[in-house]
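Note that ligands are numbered from 1 as they come in the structure, with each ligand's atoms numbered from 1 the same way.
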Amino acid sequence: MSGNLNRQLSEQEFDAKLSLADFVVGDSDDPLVPPLAFTQWRQAGAWEATLYEPELLATADARTTINYGGKPRSVINLCSYNYLGLANRPEVIAAARDALSKYGMGACGSPLLSGMTDLHRQLERRVAEFLDREDAMLFNSGFGGALGTISGLLRKTDVAVLDNRSHLSLRDGAVLSRSRVDRFEHNDPASLDAALCRRKGKRQLVIVEGIYSMDGDFASLDGLLDVAESHNASVFIDEAHSMLGCGANGRGAAEHFGVEKRIPLVYGTFSKAFGALGGFVTGRVETLDYLRYYAHSYAYSCALPPAIVAAVLRALEIAGHEPELRDRLWSNAKYFRDHLNAIGIDTGASTTYIMPLVVGDRARMYQLGHELRRRGLFVAPVDFPAVPEDRICFRACVTANHTRADLDEALNIVADTFAPALRHPESLRG
Ligand code: PMP
C-alpha cells in the first residue's frame, strides 16, 4: 500500500499494514488539514508512537535517563550519535561556557553579513587543515549543509547520481537544485556505471556516504571512484557518521580507504562524533567561494552560535590528541556486533559502530521496543519507509564511552527479550 489514501479507514486497516508512505497525498482542501486517515492512523498507533521523540532527562552519554511512561527510567543508551563521548566532555562544555560568556547566545545574523566571528573563521581553518583541503565553510545544521551544498552547485541541466540508500538531506538537495536525479544500486559500481552512461555528456555529480546511517556499512569507495573517474564525474562524500570515527587520524571513510585525494568535496556534520551541532563542507577555494553565495542555507540563514563553534573546536582538538577514543569505539563495536550475532541477531551488512538489529515485522518491533525500554535498553525503532518492510529493525549506535559492563548488560537484555521473541513471537508481552 502506498501514496494516496483519501477515505475513512476500515477496522482492519488500522492494523500494522499502513505506514507513513500511505499518507503523502491528502484529501483535504486546506494544506493545514492532514488527511483524515492519517489522523485516525496516528490515534490508533498512539502506543507505538510513544517510542518516538523520547525525552532525555540527562546527557546523551553511554548511560542516561529518559522519561518512559511519565517516569524517569535509567537506560543504556545505544541511540545517540555521541560516538567519541565528546558531547559531555568537561573540556568541551567549558569551552562552550567560556564562549557563551564572551560572545553571548546567538550569532544574530547570516555569516555573510554579521554572524561570522573569529571563532567561526578559526574553525573553518582548522577543518580545512585537518582534512588537508584549501578551504572549509560552516553551516548551522548538517541537513542544511547538505541541502545548500548540493542545490548550490547543481543546475537544471546537471545530473545528481545518488546511491539509493542516500540520506534524505542529499536527495532533497538534489531535488531542490532541479537537476535530474538518478540513483544507482547501493554500493554497486556496475549500477553506477550504467547510470553515468545513461546521461553521457552532462555534468554529473556522484553522491555517496562514508558510512550509511541505517545499515552501518561503508561505501565501496574504491570501486565507485574507479567508475566515477572513468566518466570524469565529480564526487561528493557525506562523512556525517564517519568523520572523527574512521581513519587512522579520524579523517573519515576516505582516509580509512586511502582515497582522500580522489574526492574533491567532503561534507560532514558536527552533530555526530563532534557531539555538537552544525555541518561543514571542505574542498577547493574556488568551489567554496562560489558556494558561499549560492548555498541558500548558508547565505540566508543565521550562523552557528559561537558557543557551539568553540565546543566543536575543542572536540576536534581532543579527537586529534586521543586516538585511543577511536580504538575503543571500534573494539566496542566489534565486541557488541560479534556477541549479537552469536545470539542469533541479524545485524545486516554492518561492519561499523552503527548496527541494525533486524526484526522484520512491524508489530513485533513495537512490542519489543517497549519491552527493551522497560528493561533499560534505549535503541531506536526504524520503521518502513526508512527501511524495507522486511528489514524493520532497531538501530544501535555503540560509542567509545560504553564500558564492557554496559555492553554485556545490553546483550543480556537483548538475549532475554529479543532473541526468544524472534523464535517464539507469542512469548511477547504487549
Ligand atoms: N547526512 C547523514 C548521512 C545523516 O545521517 C544526517 C543526520 N543523521 C545528516 C546528514 C544531517 O545531519 P544533522 O543531523 O547534523 O542535521
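The number of heavy atoms from other shown groups lying within 6.0 Å of CZ (Arg97) does not exceed 12.
Annotation: Gly142 places an N or O atom under 3.5 Å from an N or O atom of ligand 1; distance criterion only.
Not a single heavy atom of Ala146 sits closer than 4.0 Å to an atom of ligand 1.
Which parts of ligand 1 touch Ser271 is read off a 4.0 Å heavy-atom cut-off, strictly below it: atoms 13 (P), 14 (O), 15 (O). Set against the non-hydrogen atoms of Thr269, the atoms of ligand 1 under 4.0 Å away are 12 (O), 15 (O). Those atoms of ligand 1 that come under 4.0 Å of a heavy atom in Ser213, given as number and element, are 5 (O). Each of the atoms 1 (N), 10 (C) of ligand 1 lies under 4.0 Å from some heavy atom of Ser169. Of all atoms in ligand 1, numbered sequentially from 1 with element shown, those under 4.0 Å from a heavy atom of Ala240 are 1 (N), 2 (C), 3 (C). Listed by atom number, the atoms of ligand 1 under 4.0 Å from Glu209 heavy atoms are 3 (C).
Looking only at protein heavy atoms, the nearest one to atom 14 (O) of ligand 1 is Lys272 NZ, 3.3 Å. The nearest protein atom to atom 10 (C) of ligand 1, hydrogens excluded, is given as Tyr267 OH, 3.4 Å; this is a heavy-atom distance. Summary of contacts: the protein heavy atom closest to atom 5 (O) of ligand 1 is His241 NE2, 2.7 Å. If you check which protein heavy atom lies closest to atom 9 (C) of ligand 1, you get His167 CE1, 3.4 Å. The protein heavy-atom contact nearest to atom 16 (O) of ligand 1 is Phe143 N, 2.7 Å.
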Chi angles and distances behind the side-chain hydrogen bond (donor to acceptor under 3.5 Å, both in side chains) call for Asp406, Thr403: CA-CA 5 Å; Asp406 294 332; Thr403 62; 3.2 Å; yes
Step by step, work out the salt bridge (charged side-chain N to carboxylate O under 4.0 Å, His left out) result for Glu322 and Arg89. CA-CA 13 Å; Glu322 298 182 23; Arg89 280 283 290 248; 2.8 Å; yes
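Here the side chains of Leu244 and Leu86 are in contact, with some heavy-atom distance below 4.5 Å. A 4.5 Å side-chain heavy-atom check between Met243 and Val266 finds at least one atom pair inside the cut-off. Annotation: side chain of Trp330 is in contact with side chain of Thr352 (closest heavy-atom distance under 4.5 Å).
Between Arg73 and Arg375, the shortest heavy-atom distance links the atoms NH2-C, 3.2 Å.
Note that Arg404 lies in the cation-pi zone of Tyr335, set by a 6.0 Å cut-off to the ring centre and a 45° limit from the axis.
For atom 1 (N) of ligand 1, the nearest non-hydrogen atom from the set Ile211, Asp238, Ile354, Leu277 comes from Asp238.
Between Tyr83 and Tyr353, the angle of the ring planes lies from 30° to 60°, which puts this pair in the tilted group.
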